[in-house]
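Excluded from the calculations below are hydrogen atoms, water molecules and symmetry mates; all remaining heavy atoms, backbone and side chain alike, are included.
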Amino acid sequence: QQELVESGGGWVQPGESRRLSCAVSDFTDIFLVIGWFRQAPGKEREGLACIDATPGTANVAEIVKDRFTISRDRTKATVYLQMDDLKPEDTGVYYCAAETGLAGGLLCQGPEQDSPGKYSTWGQGTQVIVSS
């Protein structure tokens, strides 16, 4: 059973950078897709970036594409979200999510992020607070 564990959250000042990690228990599925989502206080969960784990093909949402980068390290079974020039509106709980098999093969096809309901496995989240 797939398990995801996020880490790297915390308090940062505006303009700083932070890298979040998502440890993936099973990196072997060739259709594995990992997505990063954010849920700000009082708002719906929104997709930020996704990566097709096998080829490493990635897509980043337009709202953060100039500041956020997603990558993966297969040897460490980990997916990263590098966040630069953080702003107060980036505050929220950050989640990684996974989908595999044929369903995973349909995800992460472009910059427009798939809805949270398309992913079946979620981590517990890590909070990021951007404030001076």
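- Under the side chain to side chain contact (heavy atoms under 4.5 Å, CB included) criterion, Ser17 pairs with Gln82, Asp84, not counting sequence neighbours.
- The hydrophobic cluster containing Tyr80, built from Ile/Leu/Val/Met/Phe/Trp/Tyr side-chain heavy atoms closer than 4.5 Å, comprises no other residue.
- Partners of Ser132 under the side chain to side chain contact (heavy atoms under 4.5 Å, CB included) rule, at least two apart in sequence or in another chain, are Pro14.
- For the pair Ser21/Thr78, a side-chain contact is recorded, criterion being any heavy-atom separation below 4.5 Å from C-beta on.
- Summarising the geometry of Asp29 relative to Asp26, their closest heavy-atom pair is N-OD1, 4.3 Å, with the distance given to 0.1 Å.
- Considering only residues two or more places apart in sequence or on other chains, Asp85 meets the salt bridge (Lys or Arg N to Asp or Glu O under 4.0 Å) condition with Lys87.
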Side chains of residues 94-103: which donor-acceptor pairs under 3.5 Å do they make with residues two or more places apart or in other chains?
| from | atom 1 | to | atom 2 | distance (Å) |
| --- | --- | --- | --- | --- |
| Tyr94 | OH | Arg38 | NH1 | 3.1 |
| Tyr94 | OH | Asp90 | O | 2.5 |
| Glu99 | OE1 | Ser120 | N | 3.0 |
| Glu99 | OE1 | Ser120 | OG | 2.9 |
| Glu99 | OE2 | Ser120 | OG | 3.4 |

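- Proximity of a side-chain donor or acceptor of Thr126 to a complementary backbone N or O of Ser7 within less than 3.5 Å is not detected.
- Side-chain atoms of Thr121 and Gln2 form no donor-acceptor pair, as typed in the model, at a separation below 3.5 Å.
- Put simply, CG on Leu20 and CZ on Arg18 are 8.0 Å apart, with the number rounded to the nearest 0.5 Å.
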One pair to check against side chain to side chain contact (heavy atoms under 4.5 Å, CB included): Asp66 and Val64. What are the steps and the verdict? CA-CA 6 Å; Asp66 295 330; Val64 294; over 6 Å; no
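- Pairs passing the salt bridge (Lys or Arg N to Asp or Glu O under 4.0 Å) check and including a residue from residues 106-119, sequence neighbours excluded, do not occur.
- By the side chain to side chain contact (heavy atoms under 4.5 Å, CB included) test, Glu16 pairs with Val12, Gln13, sequence neighbours left out.
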Run the side-chain donor-acceptor check on residues 48-63: report pairs under 3.5 Å with partners two or more places apart or on a different chain.
| from | atom 1 | to | atom 2 | distance (Å) |
| --- | --- | --- | --- | --- |
| Thr54 | OG1 | Ile30 | O | 2.9 |
| Asn59 | ND2 | Cys108 | O | 3.1 |

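- Listed by first then second residue, pairs satisfying ring pair (Phe, Tyr, Trp, His ring centres under 6.0 Å) with a partner in residues 18-69 read Phe37-Tyr119, Phe37-Trp122, not counting sequence neighbours.
- Residues Val128 and Thr91 form no side-chain contact, since every pair of their non-hydrogen atoms from C-beta on lies 4.5 Å or further apart.
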Full working for side chain to side chain contact (heavy atoms under 4.5 Å, CB included) between Val79 and Ile70: CA-CA 7 Å; Val79 174; Ile70 188 171; 3.8 Å; yes
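- In this structure, the side chains of Arg19 and Leu81 stay at 4.5 Å or more apart for every pair of heavy atoms.
- A donor-acceptor distance shorter than 3.5 angstrom exists from the side chain of Glu6 to the backbone of Gly125, with no hydrogens or angles considered.
- For Ser115, there are no side chain to side chain donor-acceptor pair (under 3.5 Å) partners two or more places apart in sequence or in a different chain.
- Applying the side chain to side chain donor-acceptor pair (under 3.5 Å) test to Glu89 and every residue at least two apart in sequence or in another chain returns nothing.
- Under the side chain to side chain donor-acceptor pair (under 3.5 Å) criterion, Arg72 pairs with no residue, sequence neighbours left out.
- Proximity of Val5 to Gln124: side-chain heavy atoms (C-beta onward) are separated by under 4.5 Å at one or more points.
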